[in-house]
Chemist: 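Let me begin by handing over the structure; questions about it come next.
The model shown is predicted, which means the values in this text are computed figures rather than measured ones.
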Amino acid sequence: MKSKLNFTRNTLLFALFLLAQVVYSQENEATTDTTIVFKKRVLEAIEVDFLTSYYKQDGVHSSVSGGIGSEKLTDLASNIVVAIPMNDDDVLTIDAGISAYTSASSSNINPFDADAATPWQSSSGASEQDALVALVVNYSHSSDDRNFIWNADVAVSMEYDYSSIGVGGGITKLFNDKNSEISVKANVYLDNWQPIYPKELQFGLNSVYDQSGTISSLYNPIFVEWDATNRNSYSASVTFSQVLTKKTQFSIFFDVVQQEGRLSSPYHRMYFADKANYYVGNPLGIPNYQNESNTSTYHLADAIEKLPESRFKLPIGVRWNYYVNEVFVIRTYYRYYTDNWDLTAHTASLEIPIKLSDKFTITPLYRYYTQTQSKYFAPYDTHLSTEEFYTSDYDLSTFDANQYGFGFSYTDVFASGKLWKFGLKNIDLRFNHYDRSDGLSSTIGSVGFKFVMQ
């Protein structure tokens, strides 16, 4: 009997032990499940951004015309960005955009279909307008504690004379109770030209038709078609951010960029000081001929822009943000840039978001930029044909620039405004005016709408 009782007791104890293990296991599972169920999602619901902008510029240093001529350009761009939560930790983002422009400058790749070939007005050629189509797909994953994030992306874009494909990725680590953050990113872009040369160079090396139909055998430019059309870019960036106080945050960053391949543009004309000038509208092919009004002549190119097939860039910058109070925030930015083409630049900007209410914020902003010219730049008709490299692209010249603007933002955290199944979360308006000391000026206005699925 005692043996039977011992057996029963042992059996009961064993059963209780098993029950305890099951309960303990269930509690662990419940705890684990609860952690998973109530873990804050990286993105709660699908978000959609609609962005559109209008850009307009003018200037007097067209690179297509060798550093002179109209730089008039208008561009209308639209983007749609869709962020999709794949699960608690992963987000897929798709960014698709199209940009359509018209340009007096690029139209003069072939100025000879106009009534008067001149660098100061647009011709009606096919190159007068174009559209850029681009697609970027990004996938990101966050760790359970949200202290580690990795992402990868693929990008493709195409326009009538240029195409690009890119891949990239990065990692971000947060530590010190998320008060410190370091990010490392890398990208590779493999681009390809479908080169279009100035029209007079397309006729051949030893002849060109002028407007009267005469062939000038004296015109003999320095021109050889490209034997390669690729341009590859490799970049890596490191960013460190730190929350210093409850009101102050700063970050420091630097990029390393290496470019290889065709870094010049095939339709940027060059004119040499030691070469005779030939013009369309010259019936006898006379060197340095211009007609009396000088309005129906176009200076025929001596060559196209030629630049080294390698460029190393190094930008280094800092950001410093200060929370003044519930109304004002100060955001500052500075960047130093240098490269092995001897171009150096400084950029400084200031933004002061002013919170008018819980939903409305206005942001005045100012940006200053200055650069010293590349060693390969010289103005129109001043390079010598004996030089190894040459360009009259004023983007590589010495200049200062000022940009003024403001932003206006509407934010509704509850997304109470509805569009089908989406609530309106945010509206952003931006307007900027840009003036450059070489005569280029531009204006851009943009608007963005963010919707969240409900």
Side-chain angles (χ1 to χ4, degrees), residues 28-51 79-97 133-157 164-191 232-243 249-258 315 317 319 321 411 413-415 421-426 428 448-454:
N28 278 347
E29 290 178 3
T31 302
T32 303
D33 290 342
T34 302
T35 301
I36 294 174
V37 170
F38 293 102
K39 179 172 61 176
K40 183 175 177 59
R41 295 169 64 91
V42 174
L43 186 66
E44 295 295 335
I46 295 175
E47 293 185 351
V48 181
D49 287 275
F50 294 99
L51 310 170
N79 278 69
I80 180 171
V81 183
V82 182
I84 306 169
M86 308 304 291
N87 49 51
D88 288 352
D89 305 321
D90 299 347
V91 177
L92 176 67
T93 303
I94 302 171
D95 182 349
V133 180
L135 176 68
V136 180
V137 179
N138 179 279
Y139 194 91
S140 67
H141 171 81
S142 298
S143 62
D144 288 341
D145 60 7
R146 303 298 184 248
N147 286 331
F148 182 80
I149 305 164
W150 64 260
N151 72 88
D153 59 72
V154 177
V156 293
S157 64
S164 175
I165 182 168
V167 294
I171 57 174
T172 298
K173 175 65 178 177
L174 292 85
F175 53 98
N176 191 23
D177 293 329
K178 299 189 187 322
N179 290 315
S180 304
E181 177 181 319
I182 186 167
S183 298
V184 179
K185 297 180 181 179
N187 289 91
V188 175
Y189 291 97
L190 307 177
D191 304 346
N232 301 333
S233 301
Y234 312 93
S235 66
S237 63
V238 178
T239 303
F240 174 74
S241 302
Q242 177 66 48
V243 177
Q249 185 264 351
F250 95 101
S251 63
I252 183 170
F253 65 89
F254 71 88
D255 299 333
V256 177
V257 181
Q258 178 67 36
R319 297 180 185 272
N321 299 332
T411 302
V413 295
F414 299 106
K421 295 182 179 180
F422 291 87
L424 178 61
K425 187 175 182 179
N426 185 267
D428 273 312
F449 300 88
K450 181 184 286 290
F451 293 90
V452 57
M453 178 172 280
Q454 295 179 330

Chemist: For Asp95, give me all partners under side-chain hydrogen bond (donor to acceptor under 3.5 Å, both in side chains), at least two apart in sequence or on another chain.
Modeler: Asn79
Chemist: How long is the span from the CD1 atom in Ile84 to the CD atom in Glu47, to the nearest 0.5 Å?
Modeler: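 Answer rounded to 0.5 Å: 11.5 Å.
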Chemist: So, taking the atom named CD1 in Ile94 and the one named CG in Leu135, what distance separates them when rounded to the nearest 0.5 Å?
Modeler: 7.5 Å
Chemist: Rounded to the nearest 0.5 Å, how far does CD of Gln242 lie from CD of Glu181?
Modeler: 10.5 Å
Chemist: Applying side chain to side chain contact (heavy atoms under 4.5 Å, CB included), run through Asn232 and Val188 and close with a yes or a no.
Modeler: CA-CA 7 Å; Asn232 301 333; Val188 175; over 6 Å; no
Chemist: Sequence neighbours left out, cut at 3.5 Å: what donor-acceptor pairs do the side chains of residues 167-176 make with other protein atoms?
Modeler:
| from | atom 1 | to | atom 2 | distance (Å) |
| --- | --- | --- | --- | --- |
| Thr172 | OG1 | Ser183 | OG | 3.0 |
| Asn176 | ND2 | Ser180 | OG | 3.4 |

Chemist: Do you know which two heavy atoms are closest between Ile165 and Asp191, and how far apart they sit?
Modeler: N-OD1, 4.2 Å
Chemist: Of all heavy-atom pairs between Leu92 and Met86, which one has the smallest distance, and what is that distance?
Modeler: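 Closest heavy-atom pair between Leu92 and Met86: CB-SD, 3.8 Å.
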Chemist: Between atom CG of Leu190 and atom OH of Tyr234, what is the distance when rounded to the nearest 0.5 Å?
Modeler: 6.0 Å
Chemist: To the nearest 0.5 angstrom, please state how far the CG atom of Asn187 sits from the OG atom of Ser233.
Modeler: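 Here the interatomic distance stands at 10.0 Å.
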Chemist: Do Glu44 and Pro85 come close enough that some side-chain heavy atom pair is under 4.5 Å?
Modeler: no
Chemist: Counting C-beta onward and ignoring hydrogens, is there a side-chain heavy-atom pair between Ile252 and Val238 closer than 4.5 Å?
Modeler: no
Chemist: Mark yes or no for whether Ser143, through its side chain, and Phe148, through its backbone, hold a donor-acceptor pair below 3.5 Å.
Modeler: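 Present.
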Chemist: Consider side-chain contact (heavy atoms from CB on, under 4.5 Å). Of Leu43, Ile149, Asn151, which one does Ser142 pass it with?
Modeler: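 Exactly one option meets the side-chain contact (heavy atoms from CB on, under 4.5 Å) with Ser142, and it is Ile149.
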Chemist: Mind listing the closest non-hydrogen atom pair of Lys450 and Leu424 along with its distance?
Modeler: O-CD1, 3.6 Å
Chemist: Find the distance between CZ (Phe240) and CZ (Phe254) and round it off to the nearest 0.5 Å.
Modeler: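 That separation rounds to 13.0 Å.
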Chemist: For Ala155 and Tyr189, which heavy atoms make the closest approach, and how far apart are they?
Modeler: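 For Ala155 and Tyr189, the tightest heavy-atom pair comes out as CB-CE2, 4.4 Å.
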Chemist: Would you mind listing every salt bridge (charged side-chain N to carboxylate O under 4.0 Å, His left out) that reaches into residues 137-157, with sequence neighbours excluded?
Modeler: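 Qualifying pairs: Lys39-Asp144, Asp89-Arg146.
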Chemist: Kindly say whether Ala415 contributes a backbone atom to a donor-acceptor pair with the side chain of Gln454 at under 3.5 angstrom?
Modeler: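 Yes, Gln454 side chain to Ala415 backbone: donor-acceptor pair under 3.5 Å.
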Chemist: Could you check whether any side-chain heavy atom of Val81 comes within less than 4.5 Å of a side-chain heavy atom of Thr93, counting everything from C-beta outward?
Modeler: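 Yes - at least one pair of side-chain heavy atoms lies under 4.5 Å apart.
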